[in-house]
Every structure is written in C-alpha cells, then in structure tokens.
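Report on the structure given below.
Order of listing sets the numbers, starting from 1, for every ligand and every atom in it.
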Amino acid sequence: MRVLVVGGGGREHALCWSLSASPLCDALYCAPGNAGIADVATCVPISADDIDGLIKFSKDEKIDFVVVGPEAPLVAGLVDKLTHEGIKAFGPSAKAAQLEGSKGFMKDLLQRHNIPTAWYGRFKETDAAKAFISEKGAPIVVKADGLAAGKGVILCQTVDEAHAAIDTMMADKAFGDAGDEVVIEEFLQGEEASFFAIVDGEHALPLAAAQDHKAVGEGDTGPNTGGMGAYSPAPIVDAAMQERIMREIILPTVRGMAAEGCPFKGVLFAGLMIDNGVPKTLEFNVRFGDPECQALMARLKSDLLPALVAAADGQLGHFDLRWHDDAAIVVVMAANGYPGTPEKGTVIEGLDEAAKVDNVTVFHAGTKTEARDGKSAVVANGGRVLGVTATGKTVTEAQARAYQAVDAIKWPGGFCRRDIGWRAAAREKAS
Ligand code: AMP
Ligand code: GLY
C-alpha cells in the first residue's frame, strides 16, 4: 500500500514511525514532513493546508491511503475531496470535523444527546454575551467558536475578566473570524485526561488514554501551549472509567453524529474533566493529540495501518489493538520564545547521543536540515521542536530515561519543562 501522511509535527513523525514499520506499507510519503520524518518517509514540500496540491500529489503518485494529522485540512474538506477522487483516507468529513471546528456545534450536539458537559450559551452579540456572564457569575470560561490553534479559550476568575475576554474576542478580533461567535460555559473543576478512540462511522475502538501538560511553565504555570509533554496511560482512567467514558460520552456521540447524517470517521479525541469519578466533555478534537500521539505510538504493539484502514472502510466492528503495559512519556523541547515568537534557525546537536538512551525515541516537530559550515545540521524551524519519548515499567522510570536523553541534546536555543509526568510520578510514589 502506498501511504501519504499529511502534516509535519511530532504527531506526524510518530504516525510515520509506526506506519513505516507495517508490512502492509510499501511506500510512505509525508507532506510536508520535517528533518526527523525524512528518516522514515519521503518528505514532499506540500503544505498541510494546500488541499489542491495534496489531491494532485495523491493522484500523480497513485497513493492508496491518506492519513491526515492536523485539524485544519480536515475542517477544510480534504477527506471529502480525496473520497470524491476515489482515494481512501483516514479522518472525518468537513461536516463531521465541525465537532472540533465549531465549539457551538459540538455543545449543541452534546446537549441534544444528553452527553455530560459544562452548561453553556452561544452568542454572536457582545451585549447579550456580557449579560449572560453577569447573570451566571464567575469563575466562567469564554471560548472562540472556531479554530484558534488551541489558544481561543480564556479561563476567567471574575466577571470583569470575562467581559474583557468578550471584547478581546468579538471587538478586537484577537482570534480573527474564529471569535465572531463565542461559547460561554461553566468552569469545571477536576483532573483532565485525553481520551482517544478510532471510529468507523458506527463502531468505536478505544485507544490508550493520556494526560498532557498544556502550560508552558513548571508546576503548570504560565500561558497555555499546544502541549509541553504528555504521558500514557493516564492513572485516572482505569478500566471502569474507560468503560464509563465509552458508554456515556464516546458511543452516544458516534451514534448522535450518525443519526444526524454526519457519521464520524477518524480519531475522536475527547478532552475530559474528571471530578469525583464523573467524566465530563471539555472539548472534542477530530485528530490525534500532539504530543499525546507520540506516547500512544510508543506503547502500541499492534500494526497501526490495518486499524486506520478498517476505520476508513467501516470495518472496526471486530477489531482489536494490543498495547504494551509499559508507560510512555514525551518531554517537548521548544524553541526559546515559544509560545510567543519562537527563535528559528538555531542548531541542535546531540540527537544521536539522545537516541542511544535505552527505550528512547526522539520525535521531531519543527525541525529542518540546513547546511552549516559545509555540513548538514538539524535546526529549529517552529515552536515545539522535539518530543523526547521514553518508555519504562512506570512513569517514573520513563521520566528518568526521557530526561537523560534531554540532557544529551545540546541546544542552547531551546528549553523544556523538567516536571513532565509529575502527577503520575507522585501517585506512583504514594502507592
Ligand atoms: P479546550 O481547547 O477547549 O480544551 O480548552 C483548553 C484548556 O482550557 C483545557 O485543556 C482546560 O484546561 C481548560 N478548559 C476548557 N474548558 C474548560 C471548562 N469548562 N472548565 C475549566 N477549564 C476548562
Ligand atoms: N495536546 C492537545 C492537543 O493536541 O490538542
């Protein structure tokens, strides 16, 4: 099978790393890829948002199967267009991708099908939005309706902060058109977890759960990022919790989408808040998490490719996936300046040394290869740059290996958090 992966982040490196090991994969391409992906796939210089370019490449190269990593091309209809051209693809249609593309769509669907989530209101007018906030009081959460690269959520401790958030989104257009409509919702307390299932329109196959660290600073402080690290399994999602999440959240969503004429295929990623054993949906994403995917791929024992093909074919009914019992952790190394303006072009050394640490794989995100002093060098080319991924019998063991590898990387232009996995490690110490 000739396979194309769309995207160029750490998630796509992990997907290419898994897919390249499949005996069913005869040729693997990645658009646009990065310096690390080039080791396992042929990178082609087509942006993940260039829908026409991706279609043309898939036709010219006789691609059999396309795996779409990021949300933007899904929301823009890449899978619909590939399907129209007779090319099989893993990922939702544009209509089904509205689960991530419009928070209002997602909240209304959950409400119609009695799926647990925070109470909310949808607003297109500033005055009505502010009046709703004054009525409900704080703390309260203000969200831009559309895609805002993970930044369109403002957690407000006071009514004044929430009113200011409305002005930032709706009047100042801080998130562009994404903020033309806002969702205002209940501030939920509890512990967060990322839950993943692959879905074929009708059946859902749970994957391992994970937890990520969104804040840029140690102790979960500072501005939110796309994710500074993650680990799997998530101790809070035991077998009973997984069963409950499938029964109360994932399966009713899959059935609801099908009943409403937009069956969901692809990865359904539920961002959950779990409080006193009760899971509620914070958000849905329609793709693998980044960096959660890197931890999941490190733990996956089965061949990934047939599972993704079965999802695209509507054949997940009797499918099963096997996982290593070991824990996996990902420590993200980001370029100085991230999540603001990251410094580009700084040279990264020591990657070979890092990869020699037992049970460690270094996934690349924003990297590229450049000639420096007559030699080929890996340089930073984005915000999140590396995902140092390690496995171990426990999160604590995986954590020690990941930081040993981090310490082997010589990159003054970057930084990482030193406390990834702290919550799981503290649980392990206490037990
Ligand atoms: P989202 O992009 O919707 O996942 O929001 C980003 C982050 O904001 C989440 O991971 C949570 O940490 C936080 N968040 C979102 N919605 C809520 C909520 N209703 N209550 C508390 N925290 C929230
Ligand atoms: N790490 C969270 C996300 O991919 O949205």
Side-chain angles (χ1 to χ4, degrees), residues 7 9-12 14-15 69-72 74-75 97 99-107 110 116-121 133 136 138-157 161-162 165 169 175 178-179 182-196 207 209-216 220-232 234 267-275 278-297 329-332 334 339 363 365 383-384 387 417 420 423:
R11 165 183 51 210
E12 288 76 23
L15 291 172
E71 62 277 15
L74 294 168
V75 172
L99 267 185
E100 176 166 0
S102 164
K103 294 197 192 298
F105 172 94
M106 182 278 271
K107 295 294 286 189
L110 266 56
T117 190
W119 52 248
Y120 72 107
I133 291 168
K136 292 291 188 183
I140 196 160
V141 181
V142 178
K143 299 184 172 183
D145 179 77
L147 290 184
K151 300 195 178 97
V153 173
I154 305 184
L155 307 177
C156 305
Q157 296 303 333
E161 265 176 58
M169 285 187 193
F175 306 109
V182 295
V183 168
I184 299 170
E185 67 180 37
E186 178 186 8
F187 194 115
L188 295 177
Q189 309 292 337
E191 186 172 334
E192 280 184 64
S194 302
F195 189 89
F196 299 88
L207 306 182
Q211 286 181 295
D212 80 342
H213 295 266
K214 287 217 166 63
V216 73
D220 294 322
T221 55
N224 266 357
T225 68
M228 291 300 290
Y231 51 92
S232 171
V267 179
L268 188 56
F269 162 3
L272 304 171
M273 189 70 96
I274 303 176
D275 192 24
V278 179
K280 288 191 178 168
T281 316
L282 286 179
E283 62 163 352
F284 276 124
N285 297 308
V286 299
R287 50 170 175 83
F288 281 105
D290 187 342
E292 290 96 324
C293 184
Q294 292 84 309
L296 292 192
M297 292 305 119
I329 194 166
V330 193
V331 176
V332 168
F363 292 117
R384 293 186 294 169
R417 279 180 58 166
I420 299 303
R423 195 179 263 119

*By number and element, which atoms of ligand 1 are closer than 4.0 Å to a non-hydrogen atom of E185?*
16 (N), 17 (C), 18 (C), 19 (N)

*Derivation and outcome, side-chain contact (heavy atoms from CB on, under 4.5 Å), residues M228 and K214*: CA-CA 6 Å; M228 291 300 290; K214 287 217 166 63; over 6 Å; no

*Output the list of atoms in ligand 1 that are nearer than 4.0 Å to some heavy atom of L155, sorted by atom number.*
13 (C), 14 (N), 22 (N), 23 (C)

*asked:* Can you tell me how far apart CD1 (I140) and OH (Y120) are? Round to the nearest 0.5 Å.
replied: 14.0 Å

*Between atom CD1 of I184 and atom NZ of K103, what is the distance when rounded to the nearest 0.5 Å?*
14.0 Å

*Work out which heavy atom in L207 is nearest to a heavy atom in F288; give both atom names and the distance.*
CD1-CE2, 3.6 Å

*Would you check if the side chain of T281 reaches a backbone N or O of E283 as a donor-acceptor pair within less than 3.5 Å?*
no

*Non-hydrogen atoms closer than 4.0 Å to ligand 2: which protein residues do they belong to? List them by chain and number, please.*
D212, G226, F269, N285, R287, G289, D290, P291, E292

*Which atoms of ligand 1 have any heavy atom of L282 under 4.0 Å away?*
11 (C), 16 (N), 17 (C), 18 (C), 19 (N), 23 (C)

*Nearest-option assignment for atom 16 (N) of ligand 1, heavy atoms, candidates E283, K143, K214*: K143

*Identify the two heavy atoms, one from G227 and one from V332, that lie closest to each other, and give their separation to 0.1 Å.*
O-CG2, 3.6 Å

*Applying a 4.0 Å heavy-atom criterion (strictly less than), which segment of L188 is in contact with ligand 1: side chain, backbone, both, or neither?*
both

*Run through E292, Q211, H213 and flag the one making a side chain to side chain donor-acceptor pair (under 3.5 Å) with Y231.*
Q211

*Any idea which atoms of ligand 1 are less than 4.0 Å away from a heavy-atom of V153?*
1 (P), 2 (O), 3 (O), 5 (O), 8 (O), 15 (C)

*asked:* Show the nearest heavy-atom pair for residues G222 and A215, with the distance to one decimal.
replied: O-CB, 3.9 Å

*Taking NZ, NE, NH1 and NH2 as the nitrogens, is one of them in D220 or R417 under 4.0 Å from a carboxylate oxygen of the other?*
yes

